[in-house]
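Notes for the one structure printed next.
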2 protein chains.
Amino acid sequence: MTGRRQEIRERNRLSLIEAVLDSVAEKGISETSVSEIIQRAELSRGMIHLHFGGKDNLVDEAARYSSEQYYNGIYDLLETTGQTGQEHIEMIVRGDLSETILNKKNVSIWYAFRGEARNRAAIAAFSDTRDAKLRNLVFNAFARIAKEAGAEHPNQVARDATHGTLAMLEGMWTDYLLHPDSFDRDEAMRIVFRFLRAMFPKHFDLSGALLSE
Amino acid sequence: MTGRRQEIRERNRLSLIEAVLDSVAEKGISETSVSEIIQRAELSRGMIHLHFGGKDNLVDEAARYSSEQYYNGIYDLLETTGQTGQEHIEMIVRGDLSETILNKKNVSIWYAFRGEARNRAAIAAFSDTRDAKLRNLVFNAFARIAKEAGAEHPNQVARDATHGTLAMLEGMWTDYLLHPDSFDRDEAMRIVFRFLRAMFPKHFDLSGALLSE
DNA sequence: TCACAAAATGGACAATCGTCCATTTAAATC
DNA sequence: GATTTAAATGGACGATTGTCCATTTTGTGA
């Protein structure tokens, strides 16, 4: 009556995806075998073929799911703040460097998939989608800021600011990947905002001051 | 007489390492099998065990070799330029973004290894060594610049500048990884120098102007 | 040129990989 | 409660993995 059948089915499907992500985070892609996955999901061997048609499809789906989770996390944050360009940028930077998003598990998963992206079209596509969505969000915010700042070529300025900001955030993620325990979130934020303030002194004056410098 | 024996031996050893790097670049780590390696090296199956004791050791050695190559490339560049802090920084940035160092093969290899670094102690160690050496080089240059600029806390400023610059370069590498064909080296350099100029206006005034902006 | 030894070969081997399907389980319907 | 059928099981399967060693090749020194 309540569609219990389908409910269980979907729960199992999700279990498989999460088992893949757990395994990739803990053991890496090359050690994420069918045996490893079904053991973590506590399901039988045949389920992967039944739900996804094969292991590769399951792994692709896990990559897609993971990308979506990231983007949703950032997007949810944006709805909790104001609508000015600088508020958006601040929220994205803070979010991207927050414990909720930048943590050991997510970073492990993200870099593991990226390492394989070049050789797996499906994974590359999700990786691109995530980046493009984020880039779009950031660019739109900077475009508003650049126009307010009266820049001569606001689009060009916004492009550079987007490129620089995302590159820096990317670099901070790498720092975290390599040394998660000594990583200093405040320092990372301070440096990003130093860059932002250099580009748009008036817009990011306050935000910089809020961080101990 | 000329030690021909040892010469051949060492050539074969190197062939195996380069076969691993080629395979990792083209097919990724998970598809780099013993069969794949010996086929590329045109050597027999037993050679891996003979020279390295096993496949894992060979892969670790290939990671070490690759890290060393990168660092040597940067270091060689530094000996072709002047000794001021800004000359060093400029050379490192230009080198790190140059075709010789930032190319499809190197980037593929680097990210593939990094994706597995978390689960393989040896690879993580080489990755760390490379980063630490580079960081040291960059920090020393910035420390000189910060002192010349009369900064109040030159070490702290140098630390931030190092952190920010390396994070940005890291991000540029990621851009290149994801879109090697549309990547614009000049734009990447322009953005990094924009950051540098914002931190040290006097020292990076000229270098920025040299790039079309 | 011959004997020695270091180096290289390539196949045997057990272990593990992912796929797939005949069978069993259990929810949904009558 | 009996019947139907979608969902889940788990083992068989061939292919491929990395290791290892008995054998062959080949450079070196006598």
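Chain identifiers are assigned alphabetically (A, B, ...) following the order of the sequence lines, protein sequences preceding nucleic acid strands; residue numbering begins at 1 within each chain.
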For [X] and [N], give me the distance from atom [atom1] to atom [atom2], rounded to whole Å.
{"X": "A:Gln39", "N": "C:dT16", "atom1": "CD", "atom2": "P", "result": "12 Å"}
{"X": "A:Ile38", "N": "D:dG10", "atom1": "CD1", "atom2": "P", "result": "9 Å"}
{"X": "A:Leu58", "N": "C:dT19", "atom1": "CG", "atom2": "P", "result": "10 Å"}
{"X": "A:Arg11", "N": "C:dA27", "atom1": "CZ", "atom2": "P", "result": "11 Å"}
{"X": "B:Glu31", "N": "C:dG18", "atom1": "CD", "atom2": "P", "result": "12 Å"}
{"X": "B:Gln6", "N": "C:dA5", "atom1": "CD", "atom2": "P", "result": "19 Å"}
{"X": "A:Arg9", "N": "C:dT25", "atom1": "CZ", "atom2": "C1'", "result": "16 Å"}
{"X": "A:Phe52", "N": "C:dC20", "atom1": "CZ", "atom2": "P", "result": "16 Å"}

Margin query: With a 6.0 Å cut-off (strictly less than), is the heavy-atom count around NZ of B:Lys55, excluding the residue itself, greater than 12?
Written below: yes
Margin query: Does A:Glu99, at its CD atom, have more than 12 non-hydrogen atoms belonging to other residues, nucleotides or ligands within less than 6.0 Å?
Written below: yes
Does [X] have a side-chain nitrogen or oxygen under 4.0 Å from the phosphate oxygens OP1 or OP2 of [N]?
{"X": "B:Ser35", "N": "D:dT16", "answer": "no"}
{"X": "B:Ser33", "N": "D:dT17", "answer": "yes"}
{"X": "A:His51", "N": "D:dA7", "answer": "no"}
{"X": "A:Asn12", "N": "D:dA7", "answer": "no"}

Next item on the list: For A:Ser15 and A:Arg11, indicate whether the former's side chain and the latter's backbone hold a donor-acceptor pair under 3.5 Å.
Entry: yes
Check: So, are A:Glu61 and A:Arg64 salt-bridged, with charged N and O less than 4.0 Å apart?
Finding: yes
Notebook entry, point to check: What is the nucleic acid contact for A:Asp56, judged by heavy atoms within less than 4.0 Å: base, sugar-phosphate only, or nothing?
Noted result: nothing
Margin query: Heavy atoms within less than 4.0 Å of DNA chain D: which residues of residues 16-30 of chain A have one? Give them sorted by number.
Written below: none
Note to self: Nearest heavy atom decides the nucleotide; on that basis, is B:Ile48 or A:Leu43 closer to the 5' end of DNA chain D?
What the structure shows: A:Leu43
Note to self: Which label fits B:Phe200 and B:His203: parallel for a plane angle under 30°, tilted from 30 to 60°, or perpendicular past 60°?
What the structure shows: perpendicular
Next item on the list: Give the ring-plane orientation class for A:Phe183 versus A:Tyr176, where under 30° counts as parallel, over 60° as perpendicular and anything between as tilted.
Entry: perpendicular
Margin query: Checking A:Tyr111 against A:Asn106: is there a side-chain donor and acceptor pair closer than 3.5 Å?
Written below: no
Next item on the list: Determine whether the side chains of A:Ser30 and B:Glu116 contain a donor N or O and an acceptor N or O closer than 3.5 Å.
Entry: yes
Notebook entry, point to check: So, do B:Tyr65 and B:Leu21 sit near enough that their side-chain heavy atoms are less than 4.5 Å apart?
Noted result: yes
Item checked: Letter per nucleotide, 5' to 3', of nucleotides 21-27 of chain D [B base touched, S only sugar-phosphate touched, - untouched; heavy atoms, 4.0 Å] -> B----BB
Check: Any idea which of D:dT9, C:dG18, D:dG18 is nearest the A:Arg45 side chain?
Finding: C:dG18
Next item on the list: Enter the distance from A:Leu196:CG to A:Met168:CE here, rounded to the nearest 0.5 Å.
Entry: 8.5 Å
